[in-house]
Amino acid sequence: TIIVFMSDNGGFIYGSGNNYPLRGTKSTLWEGGTKSVSFIYSKMLENKGTKNDKLFHVVDWLPTLLTAVKNSLPSNEQDKVEKFFSEDWDGVDQWDMLTENKVNKRSEFVYNIDPLFESCIDELNGLSRSYGQGAIRIGDLKLIVGDPGSHDGHYTPEFISKIDWTCVNSAESYACSSISCNTSNNEPEKEMGYPFMFREWPTYLFDLKNDPNEYHNIAINNLDVVEEMLQRYKEYESSMIPPNSADEIEEGNPINFNGV
């Protein structure tokens, strides 16, 4: 038996989620919206009670768990697992890293690539252009392009406890509304890392080893790194299936299907 307890994203501050001291909230590309904690339990683990902070993406769970159980499967099922591993998948088998603390096989991953993202940068500043959004991590460096998401603060538990839920529940949109449903953040002012415009794109570069809470945008002083990581980002983007988001039509309104 293997028990894995995990989250699909960071906490939502408007739902009492607390990501502090990380920056941001659910539905953003900040670490507060994308980084989560997990634990795994099994008698198969040899290094019980240890902490692991190496890179691990949600897509790694499938190949990792398949490796864990493969030898206990019937031979025909083992053949299916081997066939799976012979194909090209995004997930990386991390079982040896988890059980024996071996070298991490993952050195990079994509947070998201969304060319159709409705940018709050545009809406709040009255701009007509849409930047989309995306982010990639290579080693300790994280590159964000476009709009990471409007809720970009470091929200303390005190801040969350003072949110006016009547105000929140009456808001038409969480995504692009300014956070005005509380009284005070109680967060000391620090450099927040505003976007650097690189090739007419809002751009952020963070060193997550030395700046895990994303206070300091170092893009302007590391243009060669931005260029290199953006090239890698473009390689991932070129391999993605183009988004197909149809226009909203009244015939698709859930009210026509008993709210389903």
Side-chain angles (χ1 to χ4, degrees), residues 2 4 6-10 19 22-24 28-40 45-47 50-68 70 81-82 84-115 132-146 148 193 196 198 201 203-241:
I2 301 175
V4 177
M6 57 177 289
S7 173
D8 57 345
N9 44 251
N19 306 308
L22 298 179
R23 184 175 183 179
T28 72
L29 292 178
W30 305 111
E31 290 297 280
T34 57
K35 185 175 183 177
S36 66
V37 295
S38 305
F39 76 75
I40 179 171
L45 297 174
E46 299 179 2
N47 55 342
T50 59
K51 179 181 178 180
N52 191 308
D53 59 0
K54 297 175 182 176
L55 283 185
F56 195 103
H57 194 279
V58 64
V59 297
D60 297 342
W61 281 117
L62 178 56
T64 298
L65 295 177
L66 282 176
T67 293
K70 185 184 72 171
V81 173
E82 291 297 336
F84 172 86
F85 282 123
S86 69
E87 300 171 350
D88 186 20
W89 297 93
D90 292 329
V92 176
D93 173 15
Q94 303 261 41
W95 186 244
D96 287 344
M97 184 267 288
L98 290 178
T99 59
E100 302 176 31
N101 202 31
K102 290 189 175 180
V103 175
N104 187 4
K105 298 178 182 178
R106 176 174 290 283
S107 60
E108 65 182 52
F109 62 73
V110 172
Y111 289 83
N112 193 36
I113 300 176
D114 184 358
Q133 69 161 204
I136 184 175
R137 175 170 175 171
I138 300 178
D140 294 321
L141 297 176
K142 176 181 180 180
L143 176 74
I144 306 176
V145 292
F196 167 68
F198 182 74
W201 236 7
T203 302
Y204 302 80
L205 180 66
F206 296 103
D207 178 354
L208 295 181
K209 182 177 181 180
N210 297 306
D211 181 25
N213 303 323
E214 298 171 298
Y215 279 109
H216 308 289
N217 182 4
I218 60 174
I220 191 173
N221 297 319
N222 295 274
L223 296 183
D224 56 336
V225 176
V226 171
E227 181 75 55
E228 182 178 347
M229 293 185 68
L230 187 58
Q231 178 61 37
R232 184 64 174 140
Y233 176 92
K234 290 291 186 180
E235 291 175 7
Y236 279 112
E237 186 178 32
S238 67
S239 68
M240 69 179 285
I241 299 173

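Heavy atoms only: backbone and side chains are in, while hydrogens, waters and symmetry mates are out. Owing to the predicted nature of the structure, the values given are computational and were not obtained by experimental measurement.
- Sorted by first and then second residue, the side-chain hydrogen bond (donor to acceptor under 3.5 Å, both in side chains) pairs involving residues 220-231 (not counting sequence neighbours) are R199-E227.
- Atoms CG and CZ, on D60 and F109 in that order, are 9.5 Å from each other to the nearest 0.5 Å.
- For the atom pair OG1 of T50 and CG of L45, the computed distance is 8.0 Å after rounding to the nearest 0.5 Å.
- Looking at I144 and E214, their side chains come closer than 4.5 Å, going by heavy atoms from C-beta outward.
- Residues L62 and W89 fail the side-chain proximity criterion, which asks for heavy atoms closer than 4.5 Å.
- Contact of the F56 side chain with the R106 side chain is not registered, since no non-hydrogen atoms from C-beta on lie closer than 4.5 Å.
- Note on ring orientation: taking the six-membered ring where Trp is involved, the planes of F196 and F198 are tilted (angle from 30° to 60°).
- Using modelled atom types, one side-chain atom of N217 and one backbone atom of T203 make a donor-acceptor pair closer than 3.5 Å.
- Using a 4.5 Å cut-off on side-chain heavy atoms (C-beta onward), V110 and M240 make no contact.
- The shortest non-hydrogen separation linking Y204 to G146 is CE1-O, 4.1 Å.
- Rounding to the nearest 0.5 Å places CG of L205 at 4.5 Å from CD1 of I218.
- Nearest approach of M229 to L141, heavy atoms of both residues: CE-O, 3.5 Å.
- Within the 4.5 Å cutoff, the side chain of V58 has heavy atoms near those of the M6 side chain.
- Scored by the salt bridge (Lys or Arg N to Asp or Glu O under 4.0 Å) test, D207 finds no partners at all (sequence neighbours excluded).
- With values rounded to the nearest 0.5 angstrom, Q94 atom CD is found 9.0 Å from K54 atom NZ.
- Taking both residues in full, the closest heavy atoms of K142 and T34 are given as NZ-OG1, 4.4 Å, listed atom of the first, atom of the second, then distance.
- When all heavy atoms of P63 and V59 are compared, the pair lying nearest together is CD-O, 3.3 Å.
- Considering all non-hydrogen atoms of both residues, L55 and M97 come closest at O-CE, 4.3 Å.
- Using a 4.5 Å heavy-atom threshold, the side chains of Y111 and K35 count as separate.
- Counting heavy atoms from C-beta on, the side chains of N19 and W30 never come closer than 4.5 Å.
- If you take OG on S239 and NZ on K234, they are separated by 12.5 Å, rounding to the nearest 0.5 Å.
- In this structure, K70 NZ and W95 CH2 are separated by 13.5 Å, a value rounded to the nearest 0.5 Å.
- Without hydrogens or angle criteria, N213 side chain to Y215 main chain gives no donor-acceptor distance under 3.5 Å.
- Between H57 and V92, every side-chain heavy-atom pair lies at or beyond the 4.5 Å cut-off.
- Minimum interatomic distance between Y233 and G134 (heavy atoms only, all atoms of both residues): OH-CA, 3.3 Å.
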